[in-house]
Amino acid sequence: MSDKEAKKLEKQQTMRHSMAHVMAGAVLKMFPDAKIAIGPAIENGFYYDFDLPRSITPDDLAVIEESMKEIIKARSGFERSVVSKEEARALFADQPYKLELIEELPDSEEISVYQMGDFKDLCRGPHVEDTSRLNPQSFKLLKTAGAYWRGDEKRPMLQRIYGTAFSNPKDLKMHLDHLEEMEKRDHRKLGKELDLFSLHEEAGPGLVYWHPKGARIRIAIEDFWRNEHYKNGYEMVFTPHVGKSWLWETSGHLGFYNESMFQPMEMDKSDYYAKPMNCPFHIMIYNNGKHSYRELPFRWAELGTVYRYEKSGTLHGLMRVRGFTQDDAHIICTPDQVEDEILEVLRFSLFMLRSFGFEDISAYLSTMPEKSVGDKKDWDLATESLRKAIEKEGLEYGVDEGGGAFYGPKIDLKVKDTMGREWQLSTVQFDFNLSERFDMVFVDKDGKEKRPFMIHRALLGSIERFFGVLVENFGGAFPVWLCPVQAMVIPVSAKFDDYAKEVEKSFRAAGIRVETDFSDERMNAKIRNAQNQKIPYMIVVGENEMNEKAVSIRVRTGEQKNGLPMNDAVQMILDKIELKELP
RNA sequence: GCCUCUGUAGCUCAGUCGGUAGAGCACAUCCAUGGUAAGGAUGGGGUCACCGGUUCAAGUCCGGUCGGAGGCUCCA
């Protein structure tokens with residue numbers, strides 16, 4: 001970010017923070033007994049938390065907005081004054097949350113108070129000089145929400161009011177349009193409209209049902225995924241969905257992961273658990289025999305479906321579910337193979353993400369935390385390999401020092417979608433814990449048993465979540481290779497049904513996913529239906545086409561190609577599929 | 001889990017002051033046989049999430065249960 005941009009952002013954040021004060025002032029006018037908590041500027045806006053005698057309704061928001069406009073028009077200044085702790089206590093005697101904050105302020109720090117009209121607030125600042133710097137036309141209160149005091153679920157629940165604010169009405173409008181567009185692209189909405197998947201509360205929240213069209217897309221993803229894995233030196237494995245408690249005791253999951261696991265089912269006096277991870281199973285395969293250094297590395301991949309108990313309030317469409325399929329793999333290798341393996345994994349990962357149209361990718365490296373298992377020496381080797389790989393690939397990256405899991409360092413890859421949102425997809429993680437717990441060994445050149453490195457990685461993360469991200473990224477208008485229906489044949493009238501069948505047959509024989517609309521709708525309606533289903537190619541056939549053994553194509557984009565020889569049309573679509581392009 | 005909002009036909013939603021449920025889309029049947037984003041008519045479809053209460057009467061009011069949505073680590 002340039003200095004100029006940083007400065008602009010800072011100015012904007014100051015404006016938003018002042019906006020939060022104006023809102024708090026308006027709320028206090030409405031509820032003189034309100035207890036105020038904190039109100040910072042956030043991305044795109046601001047919020048303020050209140051303890052109120054009753055809950056805020058959407059109607060209240062409109063009233064508060066009007067009241068804010070009046071406060072702004074009154075043109076009051078933001079007067080800063082510095083007070084002693086004692087004075088601060090007196091000033092905010094009837095504001096318990098503020099008092100708590102005052103008590104926690106270190107003595108070294110100056111305590112400042114900002115007075116804006118009747119409203120005074122304990123605040124570090126800075127603020128705009130006076131409210132004439134705020135534009136009453138370029139903010140909007142968006143929603144209310146519950147929020148715990150200091151994010152702690154044991155503390156009181158406050159009411160938070162979110163607002164958005166920009167320096168001018170045009171930017172505000174752009175942001176509101178952006179929000180609207182995101183709503184349109186919501187994968188839950190599109191999932192329904194395009195008949196891709198469903199969730200059923202009565203059959204178990206957080207468990208996904210893939211409809212035929214969604215399954216088509218998923219299989220396209222998975223087929224590509226498997227093929228590329230074979231090309232990249234992986235083998236596929238399949239492992240069970242449940243395992244006895246021995247397995248989870250050995251792995252340690254019953255100790256540190258118990259809360260996230262489904263309750264056990266008892267059978268033959270043993271407890272079986274649905275798997276929350278695939279790793280122990282892959283290790284069972286490894287430990288089934290003795291392995292020489294000559295065999296390594298092993299790269300074992302599995303689209304492994306795991307079950308995790310997520311709190312009901314955190315479930316969200318496909319993004320956060322209780323049963324999902326990881327595109328998992330474990331690489332088991334010798335210490336001197338680590339560097340190459342990591343580089344290859346990273347390359348592969350970038351290749352996969354780019355294949356799905358994600359170009360804006362950044363990396364995050366998480367290093368050794370205070371509490372960890374494994375040798376410092378191994379951590380260093382692993383961490384350095386990760387760092388080298390990122391640098392070699394020329395990725396932008398951030399480092400989370402001490403942010404790794406206790407069992408190993410990791411890289412996470414984040415992609416930015418077309419809406420500018422970041423999603424964490426790939427993760428490459430070392431595991432010094434499981435190799436130890438399961439006593440994994442290989443026989444080295446010197447005949448001695450040594451501990452291999454185990455690397456856990458997922459490229460897409462989970463198929464469910466990745467699918468959700470794809471739906472939102474493309475707004476349901478997928479690249480041709482992913483479309484459940486790639487071409488819809490539309491006979492102009494029933495007279496041409498036979499020719500339509502012939503066309504459909506040719507397209508299908510070429511490997512294109514094609515359907516024909518034989519309904520007794522008019523052609524206009526058929527086009528509309530196909531367009532709403534975001535089908536990339538509408539193959540219109542009527543008298544002209546039949547006579548010339550040709551087709552006319554209406555592309556989803558609105559582009560029109562008339563009288564194409566059938567073979568040319570087929571080839572054009574095959575090319576788009578091959579190149580993984582949008583139509 | 002907690003707070004707020006919310007649950008009416010497959011979908012999107014209307015339903016006033018409590019008086020026994022409605023629209024559009026979708027679906028079915030029929031008519032129309034059509035040239036680039038909705039042709040017309042008719043019809044079927046609802047324990048108003050569930051349980052309880054108030055009432056002569058509850059989709060509507062009250063309480064509870066179960067879902068769904070937004071939010072709950074951006075720190076005066």
Side-chain angles (χ1 to χ4, degrees), chain A residues 13 16-17 20-21 24 36-49 51-52 54-58 60 88 92 95 97-105 109-114 120-125 142-162 183 186 188-189 192-193 195 198-206 259 309-317 490-497 519-533 538-545 552-556 558-562:
Chain A
Q13 291 306 84
R16 285 171 179 152
H17 189 179
H21 277 229
I36 57 176
I38 57 168
I42 54 173
E43 198 185 350
N44 299 323
F46 58 91
Y47 70 77
Y48 213 111
D49 288 344
D51 197 343
L52 299 175
R54 66 163 175 88
S55 44
I56 295 273
T57 65
D60 294 333
F92 295 100
Q95 289 293 348
Y97 300 102
K98 294 294 175 189
L99 286 176
E100 186 177 330
L101 294 168
I102 291 166
E103 289 317 313
E104 286 174 24
L105 283 173
E109 201 166 330
E110 219 170 48
I111 299 180
S112 54
V113 173
Y114 279 84
K120 62 174 183 299
D121 197 0
L122 180 76
C123 179
R124 182 164 46 205
L142 294 179
K143 57 195 172 191
T144 59
Y148 296 105
W149 169 234
R150 313 202 116 185
D152 182 344
E153 55 187 90
K154 293 186 189 70
R155 314 285 311 258
M157 175 68 72
L158 306 174
Q159 292 190 62
R160 176 170 296 180
I161 303 177
Y162 281 97
E183 228 169 275
D186 189 310
R188 292 164 301 180
K189 190 171 146 75
K192 232 179 235 177
E193 285 170 10
D195 197 15
S198 57
L199 295 149
H200 301 270
E201 42 169 288
E202 66 277 29
E259 277 178 18
Y309 175 76
E310 302 283 355
K311 287 182 186 174
S312 62
T314 63
L315 297 176
H316 180 86
I490 297 178
V492 168
S493 84
K495 272 187 285 187
F496 312 107
D497 279 1
S519 69
D520 53 6
E521 295 291 344
R522 293 173 64 220
M523 188 203 58
N524 288 345
K526 293 181 185 181
I527 299 247
R528 184 182 147 85
N529 288 338
Q531 196 74 46
N532 285 340
Q533 285 296 303
M538 285 151 267
I539 315 296
V540 179
V541 294
E543 181 120 33
N544 305 335
E545 289 79 7
S552 289
I553 299 187
R554 181 196 159 100
V555 188
R556 182 174 70 196
E559 199 188 337
Q560 184 71 31
K561 301 170 203 272
N562 288 335

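Computation of the quantities below employed the complete heavy-atom set of this structure, encompassing side-chain atoms and omitting hydrogens, waters and symmetry-equivalent molecules. Numbers restart at 1 for each chain; the letters A, B, ... are given by sequence-line order, proteins then strands.
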Practice task
Quick one: label A:Q95 by what it contacts on the DNA or RNA (base, sugar-phosphate, nothing), any heavy atom closer than 4.0 Å.
Solution key: nothing
Handout entry: A:R150 and A:Y148: side chain donor to acceptor below 3.5 Å
Key = no
Practice task
Let me know the distance between CZ of A:R528 and C1' of B:rG35, rounded to the nearest Å.
Solution key: 18 Å
Practice task
Tell me, yes or no, whether the heavy-atom count around A:E103 atom CD, taken from other residues, nucleotides or ligands under 6.0 Å, exceeds 12.
Solution key: yes
Exercise for the section: Determine which nucleotide pairs with B:rG39, using a 3.5 Å limit on both distances of a Watson-Crick or G-U wobble pair. Expected result: B:rC31
Exercise for the section: Flag yes if more than 12 heavy atoms outside A:E104 fall under 6.0 Å of its CD atom; otherwise flag no. Expected result: yes
Practice task
Using a 4.0 Å heavy-atom cut-off across all strands, classify A:A525 as base, sugar-phosphate, or nothing.
Solution key: sugar-phosphate
Handout entry: Whole-Å gap separating C1' (B:rU73) and CG (A:D152)
Key = 11 Å
Practice task
Quick one: label A:R188 by what it contacts on the DNA or RNA (base, sugar-phosphate, nothing), any heavy atom closer than 4.0 Å.
Solution key: sugar-phosphate
Practice task
Please work out if A:R160 contacts a base, only the sugar-phosphate, or nothing of the nucleic acid, heavy-atom cut-off 4.0 Å.
Solution key: sugar-phosphate
Practice task
Check every strand shown and say whether A:G542 touches a base, only sugar-phosphate, or nothing at a heavy-atom separation below 4.0 Å.
Solution key: base
Practice task
In whole angstrom, give the distance that lies between atom CG of A:N544 and atom P of B:rU36.
Solution key: 12 Å
Practice task
Check every strand shown and say whether A:N562 touches a base, only sugar-phosphate, or nothing at a heavy-atom separation below 4.0 Å.
Solution key: base
Practice task
Could you tell me whether the side chain of A:R554 has a donor or acceptor atom within less than 3.5 Å of a complementary atom in the base of B:rA37?
Solution key: yes
Practice task
Give A:I38 one of three labels, base, sugar-phosphate or nothing, depending on what nucleic acid heavy atoms sit under 4.0 Å from its own.
Solution key: sugar-phosphate
Handout entry: Nearest-angstrom distance from the residue atom CD of A:E559 to P of B:rA37
Key = 15 Å
Problem - Distance, rounded to the nearest Å, where A:Y162 contributes OH and B:rC3 contributes P - result: 17 Å
Problem - Rounded interatomic separation in angstrom, taking CG from A:L158 and P from B:rC74 - result: 12 Å
Completion exercise
Rounded to the nearest 0.5 angstrom, the NZ-CG distance for A:K526 and A:D520 is 8.0 Å
Handout entry: A:K189 NZ to B:rG10 C1', straight-line distance once rounded to whole Å
Key = 16 Å
Practice task
Report yes or no: do A:E545 and A:S552 form a side-chain donor-acceptor pair below 3.5 Å?
Solution key: yes
Practice task
Name the nucleic acid region contacted by A:Q533, choosing base, sugar-phosphate or nothing; use a 4.0 angstrom heavy-atom cut-off, strictly under.
Solution key: nothing
Handout entry: Pairwise C1' distance for B:rG18 and B:rC56, with rounding to whole Å
Key = 12 Å
Fill in the blank from the handout: When both distances are under 3.5 Å in a Watson-Crick or G-U wobble arrangement, the nucleotide paired with B:rC25 is B:rG10
Fill in the blank from the handout: Rounded to whole Å, CD of A:Q159 lies from P of B:rC72 at a distance of 15 Å
Practice task
Using a 4.0 Å heavy-atom cut-off across all strands, classify A:E193 as base, sugar-phosphate, or nothing.
Solution key: nothing
Exercise for the section: Report which part of the nucleic acid A:K192 touches: base, sugar-phosphate, or nothing (heavy-atom distance under 4.0 Å, all strands). Expected result: sugar-phosphate
Exercise for the section: Indicate, with a heavy-atom threshold strictly under 4.0 Å, whether A:I102 touches base, sugar-phosphate, or nothing. Expected result: nothing
Handout entry: A:R528 and A:Q531: side chain donor to acceptor below 3.5 Å
Key = no
